[in-house]
Amino acid sequence: LEPLHPMYAADRACVNTLRQALDICDAVDPKRSGGMGIALDVYHVWWDPELAKQIARAGKRVLAFHICDWLVPTRDLLLDRGMMGDGVIDLPLLRSWMEAAGYRGAHEVEIFSAADWWQRDPDEVLVTCKLRHGAVC
């Protein structure tokens, strides 16, 4: 289950916070038998004042970690995600919370960027992703 930013509440998702997603997981799988988990996408949850507490609560229920950055200004709410380090998300802090909660899985880069990164040479994008991940995440 992946909570989506509240900007999508009207037409894409009514689960907008990690707390809401975890409450659903608890209701469906109260014994934490592994039947329900969370995809944590920093683009959607970075702003949440309860994020540290809810990541700690999630623990092993976090099954995926999506990274990118929130640009200011954002030109398109869906297709203007920034490369790690180009925006305002404190990625090292979020990563530390994830690791403290026990997450050891993959970091999935999700740069939906129609006007910028999707226009670049794919090799440049991959090199930049690798460098930025090492430096920022």
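Everything numeric here is computed off the predicted structure, so don't read it as measured data.
No side-chain heavy atom of Tyr103 sits less than 4.5 Å from a side-chain heavy atom of Lys60. Considering only heavy atoms from C-beta on, Cys25 comes within 4.5 Å of Ile38 through its side chain. Between Glu108 and Ile67 the shortest side-chain heavy-atom distance does not fall below 4.5 Å.
Minimum heavy-atom separation, Met84 to Cys137: CG-SG, 3.7 Å. What you find for Met36 and Val28 is that their closest heavy atoms are CG-CG1, 3.7 Å. Taking every heavy atom of both residues into account, Leu63 and Gly37 meet most closely at CD1-CA, 3.5 Å. A pairwise comparison of heavy atoms in Val109 and Cys129 identifies CG1-SG, 3.8 Å as the closest pair. Of all non-hydrogen atoms in Ala56 and Ala101, the two that sit nearest each other are CA-CB, 4.3 Å.
The side chain to side chain contact (heavy atoms under 4.5 Å, CB included) search around Asp121 returns Asp123, Glu124, not counting sequence neighbours. Checked against side chain to side chain contact (heavy atoms under 4.5 Å, CB included), Val88 has the following partners two or more places apart in sequence or in another chain: Trp46, Trp70, Val72. With sequence neighbours excluded, the residues satisfying ring-ring contact (aromatic ring centres under 6.0 Å, His included) with Trp47 are His5. Scanning for side chain to side chain donor-acceptor pair (under 3.5 Å) contacts around Asp86 gives Arg132, with sequence neighbours left out. Residues forming a side chain to side chain donor-acceptor pair (under 3.5 Å) with Asp80 (at least two apart in sequence, or on another chain): Arg75. Considering only residues two or more places apart in sequence or on other chains, Asp116 meets the salt bridge (Lys or Arg N to Asp or Glu O under 4.0 Å) condition with Arg120. Shown here are the side chain to side chain contact (heavy atoms under 4.5 Å, CB included) partners of Ala58, two or more places apart in sequence or in another chain: Leu22, Val62. Applying the side chain to side chain contact (heavy atoms under 4.5 Å, CB included) rule to Leu94 yields the partners Val42, Leu51, Ile89, Trp97; only residues at least two apart in sequence or on another chain are considered. Residues passing the salt bridge (Lys or Arg N to Asp or Glu O under 4.0 Å) test with Glu110, sequence neighbours excluded: Arg81. Asp90 is linked by a side chain to side chain donor-acceptor pair (under 3.5 Å) to nothing, counting only residues two or more places apart in sequence or in another chain.
Residue pairs meeting the ring pair (Phe, Tyr, Trp, His ring centres under 6.0 Å) criterion with at least one member in residues 111-137, sequence neighbours excluded: His107-His133. Screening residues 9-27 for salt bridge (Lys or Arg N to Asp or Glu O under 4.0 Å) gives Arg19-Glu50, Asp23-Arg57, Asp26-Arg57, Asp26-Arg61 as the qualifying pairs, with residues at least two apart or on separate chains.
At distances below 3.5 Å, at least one donor-acceptor pair connects side-chain atoms of Asp69 with backbone N or O atoms of Gly87. Using a distance-only test at 3.5 Å, with no hydrogens or angles considered, a donor-acceptor pair links the side chain of Gln119 to the main chain of Ala114.
Considering NE2 of His44 and SG of Cys68, their distance stands at 8.0 Å, rounded to 0.5 Å. Rounding to the nearest 0.5 Å places OG1 of Thr17 at 6.0 Å from CG of Asp48. Taking CE of Met83 as the reference point, atom OG of Ser113 lies at 8.0 Å (rounded to 0.5 Å). For the atom pair Phe65 CZ and Asp41 CG, the distance stands at 9.5 Å (nearest 0.5 Å). The CD atom of Gln20 sits 11.0 Å away from the CG atom of Leu4 when rounded to the nearest 0.5 Å. Put simply, OG1 on Thr128 and CD1 on Ile111 are 9.5 Å apart, with the number rounded to the nearest 0.5 Å.
Linking ILVMFWY side-chain heavy atoms closer than 4.5 Å, directly or via other members, places Leu71 and Leu91 in two distinct hydrophobic clusters. In terms of hydrophobic clustering, with Ile, Leu, Val, Met, Phe, Trp and Tyr side chains grouped at heavy-atom distances under 4.5 Å, Leu1 and Tyr43 are assigned to a common cluster. A continuous path of hydrophobic side-chain contacts links Leu78 to Met7 [ILVMFWY only; heavy atoms under 4.5 Å].
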